[in-house]
Amino acid sequence: MGSMAEQRHVLTRDSPWMRARVLLDREVVSRETVAGALEHRLFGPEVDRGRFQRGCDYAADAGLAAVVCRPEHVSIAARRLLGSSTATVTTLGFHDTTRLQDPADLAAEALELVAAGASEVALVVAPGLDRQGCLHLVQEQVEAVVDAVAPAGGKVRVMLNTTDTSKEQMTECTALVGGLGPSLVQGGSFRGDRATFSQIEAMRHCLPDRVLLKWTQPLRSVEMMLVSMALGVDRFNGDIPALLESAKRSTRIAPLKLPVHGVDF
């Protein structure tokens with residue numbers, strides 16, 4: 001074991017490792033970039049028409065990535081968000097939790113929602129809950145919806161509920177749906193289980209670069225958002241006003257920068 005002086009020297013700027021760490025270029029993240037990665041969830045039962053309209057206006061003004069809403073609010077969102085960069089996103093089978101819908105029925109519903117103004121429609125799958133036969137049905141559902149809405153300019157996201165899902169099930173399902181033409185795949189447990197970095201990395205590794213990745217659990221800090229971005233996550237939930245205010249305060253002190261995986265964490 002080396003002397004204390006030798007150990008201290010390892011942590012100085014004179015060491016090759018530390019010089020590389022300090023000099024390594026890191027991507028600067030602006031407050032606008034933070035806003036553009038956040039999605040405003042306005043689908044809860046407590047969201048009445050007035051609150052929904054105000055939420056849409058806020059999302060557009062703040063430059064958020066999307067408003068996620070109930071199917072019955074799609075046309076309102078589309079009108080309020082017209083001319084902004086904020087997308088209107090809704091979920092197929094919103095009032096049906098069986099996840100066993102007929103692919104043709106899902107495709108028809110998706111077409112109706114895109115015609116009403118949805119930029120993107122989401123399909124929920126749960127390989128850990130649906131057990132055997134899940135992937136065959138998932139493939140048919142995703143293919144049917146993508147084929148239906150793509151000619152109309154609509155996009156499809158797949159929301160993968162990882163509750164009671166093994167890593168093998170999660171990676172197999174992610175790889176399958178990622179190759180079927182979705183614009184985004186969302187992972188995470190709907191019951192609030194915290195994500196692990198290994199889960200996030202596994203999903204990102206399975207997805208083509210063109211497919212965005214979102215994690216379900218809400219962010220608690222901008223710092224965690226930056227770490228997740230460094231792992232390849234593109235979209236997030238969270239307390240949006242608090243996150244944007246935190247990003248604003250931080251950028252007054254120094255630029256926000258993406259950490260480097262394997263160096264900073």
Side-chain angles (χ1 to χ4, degrees), residues 20-21 24-29 33-34 36-39 65-66 68 89 99 120-143 145-146 150 155-238 256-265:
R21 184 179 187 279
L24 189 66
D25 286 337
R26 291 168 177 80
E27 181 181 344
V28 174
V29 178
T33 300
V34 171
L38 293 168
E39 298 193 335
V68 185
V89 180
R99 299 177 300 278
E120 191 171 349
V121 291
L123 176 64
V124 179
V125 301
L129 298 177
D130 296 334
R131 308 300 180 187
Q132 299 300 320
C134 169
L135 293 186
H136 179 71
L137 177 59
V138 166
Q139 179 171 351
E140 292 182 353
Q141 290 175 330
V142 176
E143 287 177 336
V145 174
V146 169
K155 297 181 179 180
V156 178
R157 69 172 55 183
V158 179
M159 300 168 64
L160 200 162
N161 183 356
T162 61
T163 301
D164 295 332
T165 302
S166 68
K167 185 175 181 178
E168 291 73 22
Q169 287 174 315
M170 183 181 70
T171 55
E172 185 180 5
C173 190
T174 302
L176 171 68
V177 300
L180 298 177
S183 60
L184 178 150
V185 172
Q186 177 174 335
S189 173
F190 291 2
R191 68 185 182 193
D193 298 347
R194 296 187 66 181
T196 65
F197 287 157
S198 64
Q199 289 175 313
I200 294 172
E201 288 182 281
M203 290 193 71
R204 181 69 270 175
H205 180 72
C206 291
L207 292 173
D209 291 343
R210 61 177 174 74
V211 179
L212 301 180
L213 175 62
K214 178 180 177 180
W215 202 255
T216 299
Q217 283 72 33
L219 289 170
R220 297 186 178 183
S221 68
V222 172
E223 292 73 22
M224 184 54 67
M225 182 179 195
L226 294 175
V227 170
S228 298
M229 283 180 165
L231 291 172
V233 183
D234 305 284
R235 296 286 183 268
F236 302 90
N237 297 320
L256 292 172
K257 294 185 178 182
L258 284 186
V260 177
H261 190 203
V263 176
D264 298 317
F265 70 97

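Note: hydrogens, waters and symmetry copies are ignored here, and every other heavy atom, side chains too, is used.
With Ser183 as reference, Glu120 is the one residue of Glu120, Arg157, Lys155 to meet the side chain to side chain donor-acceptor pair (under 3.5 Å) rule.
By the 6.0 Å contact criterion, NE2 on His261 is enclosed, its count of non-hydrogen atoms from other residues, nucleotides or ligands being greater than 12.
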>> side chain to side chain contact (heavy atoms under 4.5 Å, CB included), that's the test. Do Trp215 and Ser228 meet it? Break it down for me.
In response: CA-CA 9 Å; Trp215 202 255; Ser228 298; over 6 Å; no

> Does the pair Arg235 and Val89 meet the rule for a side chain to side chain contact (heavy atoms under 4.5 Å, CB included), with working shown?
Replying inline: CA-CA 13 Å; Arg235 296 286 183 268; Val89 180; over 6 Å; no

> Does the pair Gln141 and Val124 meet the rule for a side chain to side chain contact (heavy atoms under 4.5 Å, CB included), with working shown?
Replying inline: CA-CA 10 Å; Gln141 290 175 330; Val124 179; over 6 Å; no

> Can you check side chain to side chain contact (heavy atoms under 4.5 Å, CB included) on Val146 and Leu180, steps first, answer last?
Replying inline: CA-CA 8 Å; Val146 169; Leu180 298 177; 5.6 Å; no

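Counted by atom type alone, Thr162 and Gln199 present zero donor-acceptor pairs between their side chains at under 3.5 Å.
Asp264 is listed as a side-chain neighbour of Arg26, based on a closest heavy-atom distance under 4.5 Å. Taking the side chain as every heavy atom from C-beta outward, Asp234 and Leu184 never approach each other to under 4.5 Å. When side chains are defined from C-beta on, Gln139 counts as touching Leu176, because their heavy atoms get closer than 4.5 Å. Within the 4.5 Å cutoff, the side chain of Phe265 has no heavy atoms near those of the Leu226 side chain. Looking at heavy atoms from C-beta onward, His205 lies out of side-chain contact with Thr171 at the 4.5 angstrom threshold.
The minimum heavy-atom distance linking Pro218 with Gly238 is given by the pair CB-CA, 3.9 Å. Between Pro182 and Arg210 the shortest heavy-atom distance is O-NH1, 3.7 Å. Nearest heavy atoms, Met159 versus Ala122: SD-CB, 3.4 Å. When all heavy atoms are compared, the tightest approach of Val211 to Gly178 is CG2-O, 3.8 Å. For the pair Val142 and Leu123, the tightest heavy-atom approach, listed with the atom from each and the gap, is CG2-CD2, 3.6 Å. Residue Ala230 comes nearest to Pro259 through the heavy atom pair CB-O, 3.3 Å, listed as atom of the first residue, atom of the second, then distance.
Here CE of Met203 is found 9.0 Å from CD of Gln186. Values are rounded to the nearest 0.5 Å. Taking OG1 of Thr165 as the start and CG of Leu160 as the end, the distance is 6.5 Å to the nearest 0.5 Å. To the nearest 0.5 Å, atoms OG1 (Thr216) and CG (Asn161) are separated by 7.5 Å. Taking CG of Leu219 as the reference point, atom CG of Leu38 lies at 7.0 Å (rounded to 0.5 Å).
Using modelled atom types, no side-chain atom of Asn237 and backbone atom of Gln217 make a donor-acceptor pair closer than 3.5 Å.
Considering only residues two or more places apart in sequence or on other chains, Glu27 meets the side chain to side chain contact (heavy atoms under 4.5 Å, CB included) condition with Leu258.
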